[in-house]
Q: 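One structure coming up, written as structure tokens, with questions to follow.
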Amino acid sequence: MGSGLVIRFHAVTLFPEMFAAVTHSGISGRALEAGLWSLGLWNPRDFTSDRYRTVDDRPYGGGPGMVMLAGPLDRALDAVKEAGGGKVIYLSPQGRKLDHAKVMELAGREATTLLCGRYEGVDERLIRRRVDEELSLGDYVLSGGELAAMAVIDAVVRQIPGALGGEQSAVEESFVQGLLDCPQYTRPEVWPEGEGEKVPAHVPGVLMSGHHENIRRWRLKQALGRTWLRRPDLLAARKLNDDEQSLLEEFQRECKENGT
Ligand code: 4GX
């Protein structure tokens, strides 16, 4: 019986070795070792039968670059389907932009297949027949879908209960609350230290006070203020309670007073 919390990812990719970045390092690497998720890697080159193991060809109509052949990808996706691959997501700038809500949706699925394109993309007929969803990391061009697929994996895996160690919790993070994070500080308390001309900066006093309620309110105020300054679109999409509203107004008043 599955606990419902193990997520099976599959990636169809010409560069399976790139995925070591998520399987061998950091939070996702540890979560893989702990059995919280798995990754199946499928190379379309292994689904060719010609002597050159051809996976691409020149675009009809001319133009620069190469297009990935439908055939090898189709056979690779048949094999993934046989292994219970779930919905097929194609990473491309033509897709809907990935956001926290989509990450949570994927975290609720048992299996997801990530199709990684290289070159100028994939034959459109393969996309029409085999792709359920197209997702983009953002409005810029990567050299392939692999880095985008790994970003998806990383963002989803950290939502699996137990993936974040210790006291860390995915529900306390930025975007869950619909706000940017507050500033963070660590040692030393004054920095830089002993470098003559440079004016040293202090850690905000409230963080040194040990007054937990004041610290909580300062952090919330900073989060609200930074979201207002840098991502007004996020703030417009979020309701503020009375407490939050007055903290934001405090922040805005302080901005005016010190001219920032
Ligand atoms: N968010 N890339 C896809 C191949 C390609 C080229 C043209 C369709 C049309 C990307 C992104 C991204 C690079 C992945 C081009 N596909 N993926 N690849 N931005 O830039 O996800």
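One-based numbering, in listed order, for ligands and for the atoms of each.
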Q: Please report the interatomic distance CH2(W218) to OG(S209), rounded to the nearest 0.5 Å.
A: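 Rounded to the nearest 0.5 Å, the CH2-OG separation comes to 11.0 Å.
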Q: Compile the donor-acceptor pairs under 3.5 Å between side chains in residues 56-75 and protein atoms, sequence neighbours left out, one pair per line.
A:
{"residue": "D74", "atom": "OD1", "partner": "R130", "partner atom": "NH1", "Å": "2.6"}
{"residue": "R75", "atom": "NE", "partner": "F47", "partner atom": "O", "Å": "2.9"}
{"residue": "R75", "atom": "NH2", "partner": "F47", "partner atom": "O", "Å": "3.0"}

Q: Who clusters with L234? Use side-chain heavy atoms, under 4.5 angstrom, across I, L, V, M, F, W and Y, and order the result by chain and number.
A: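 Direct or chained contacts put L234 with F175, L180.
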Q: What donor-acceptor contacts under 3.5 angstrom involve side-chain atoms of residues 16-25, with partners at least two apart or in another chain?
A:
{"residue": "T23", "atom": "OG1", "partner": "F19", "partner atom": "O", "Å": "3.2"}

Q: So for atom CD, which belongs to E213, do other residues, nucleotides or ligands contribute more than 12 heavy atoms lying within a distance under 6.0 Å?
A: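 Enclosed: over 12 neighbouring heavy atoms sit under 6.0 Å from CD of E213.
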Q: List, ordered by chain and residue number, the protein residues whose closest non-hydrogen atom lies under 4.0 Å from any atom of ligand 1.
A: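 Correct list: Y90, L91, S92, P93, Q94, G117, E120, G121, L135, S136, L137, G138, Y140, V141, L142, G144, G145, A148.
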Q: Run the salt bridge (charged side-chain N to carboxylate O under 4.0 Å, His left out) check on R96 and E133 step by step: do they pass?
A: CA-CA 9 Å; R96 223 194 71 176; E133 230 174 303; over 6 Å; no
